[in-house]
There are 2 protein chains.
Amino acid sequence: MPDYDHPASDDLTLLGVLRGLADPIRLEIVQHLGKVPEASCAALLGDRPRSSMSHHFQVLRDSGLLHTRIQGVQHFNSLRKEDLDRRFPGLMDAVLAE
Amino acid sequence: MPDYDHPASDDLTLLGVLRGLADPIRLEIVQHLGKVPEASCAALLGDRPRSSMSHHFQVLRDSGLLHTRIQGVQHFNSLRKEDLDRRFPGLMDAVLAE
DNA sequence: GGTTTAATTCGATTTTGATCGAACAATATC
DNA sequence: GATATTGTTCGATCAAAATCGAATTAAACC
């Protein structure tokens with residue numbers, strides 16, 4: 001299981017980020033990650049199938065919304081808040097205010 | 001051609017607004033409307049088919065992003081900036097900053 | 001009334017994205 | 001090495017959304 005290559009913050013696009021957020025499950029994940037420093041996939045799973053969630057994590061990674069750190073068998077996800085704030089100031093604060 | 005019923009600002013949802021923004025054409029429309037008080041559909045048309053654009057205008061109306069005022073045969077669209085700012089402070093400023 | 005203009009609605013097609021079971025990979029533990 | 005745990009990948013299916021031509025509505029104008 002290789003490390004993921006996350007997009008550079010300069011490569012993030014507003015459209016890409018908005019697309020990443022435009023799904024109820026992903027928005028929920030992002031808003032949860034706004035409240036904690038990081039969370040494993042299992043902690044965010046709920047009662048959904050793992051393969052579905054894995055898809056959403058990938059979309060969130062690809063759009064630059066989250067970073068996944070692999071430690072042993074667990075994957076810890078965190079919001080790329082600083083990168084997002086730098087590229088799109090105020091956006092995530094508005095999204096996380098809900 | 002009846003007047004449209006726009007959703008009340010209290011009925012707007014963050015997910016709905018994000019969905020409305022998560023399309024390249026619609027994002028372009030919204031960003032354009034951020035720079036002018038209002039614009040007719042024709043003014044925003046570009047070289048796209050009218051029926052496609054009409055679809056996007058409807059999505060934008062339904063998500064609460066824009067208001068359409070009918071005057072004669074023309075439809076003037078404006079961003080619902082005040083309503084959006086009240087419900088989701090900072091969101092549109094971030095989107096329009098691009 | 002006939003014509004032009006602006007935009008929508010209808011309906012069919014295509015494309016995109018979500019869902020999820022089953023198989024797989026990688027680590028940890030015994 | 002065997003087993004359990006965590007999460008991904010594959011592949012198929014299903015649902016949602018975009019696209020756009022053709023017909024339609026409505027107002028404006030001659």
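In the text below, chain A, chain B and the rest are named by the order of the sequence lines, each starting its count at 1.
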CA sep, side-chain torsions, deciding dist, call: A/D11, A/R87, salt bridge (Lys or Arg N to Asp or Glu O under 4.0 Å): CA-CA 10 Å; A/D11 292 339; A/R87 294 283 281 111; over 6 Å; no
A/H56 side-chain proximity, nearest of C/dA18, D/dT6, C/dT8: C/dA18
Near-ring test B/H75/B/Y4, centroid separation under 6.0 angstrom: yes
Sugar-phosphate only, base, or nothing, as touched by A/R69 at under 4.0 Å among non-hydrogen atoms: nothing
Phosphate contact (C/dC20 OP1 or OP2) by A/S52 side-chain N/O below 4.0 Å: yes
Length of the line joining A/L45:CG and D/dT8:C1', which is rounded to integer Å: 13 Å
D/dG7 phosphate, OP1 or OP2, under 4.0 Å from A/R61 side-chain N/O: no
Protein-nucleotide distance (A/Q58, atom CD; C/dC20, atom P), rounded to Å: 17 Å
Closest nucleotide among C/dT27, C/dT8, C/dG21 to the B/S54 side chain: C/dT8
Pair of N/O donor and acceptor under 3.5 Å linking D/dG21 base with B/S51 side chain: yes
Euclidean distance, atom OH of residue A/Y4 to atom P of D/dT6 [Å, nearest integer]: 15 Å
Nearest-angstrom distance from the residue atom CZ of A/R50 to P of D/dT9: 15 Å
Side chain of A/H55 (C-beta onward), nearest among D/dT19, D/dT9, C/dA18: C/dA18
Interatomic distance where CG belongs to A/L60 and P belongs to C/dG17 [whole Å]: 14 Å
Heavy-atom closest contact (A/T68 atom, A/H6 atom, distance): N-NE2, 2.9 Å
Gap between atoms CG and P, on A/D3 and C/dA26 respectively (whole Å): 12 Å
Which atom of B/G20 lies closest to which atom of B/V59, heavy atoms considered: CA-CG1, 4.4 Å
Shortest side-chain distance from B/R26, nucleotide among C/dT8, D/dA18, D/dG7: D/dA18
B/R19 side chain, from C-beta outward: closest of D/dA17, C/dA18, D/dA27: D/dA17
Minimum-distance nucleotide to B/F57 side chain [options: D/dC20, C/dT8, C/dA7]: C/dT8
Gap between atoms CG and C1', on A/D47 and C/dC20 respectively (whole Å): 13 Å
Closest listed nucleotide, where the reference is the side chain of B/V59 and the choices are C/dT8, D/dA18, D/dA27: D/dA18
5'-most by nearest nucleotide on DNA chain C - A/G72 or A/I25: A/I25
Residue pair A/R80 / A/H67, side-chain donor-acceptor N/O under 3.5 Å: no
Between P of C/dA25 and CD1 of A/I70, the distance in whole Å: 16 Å
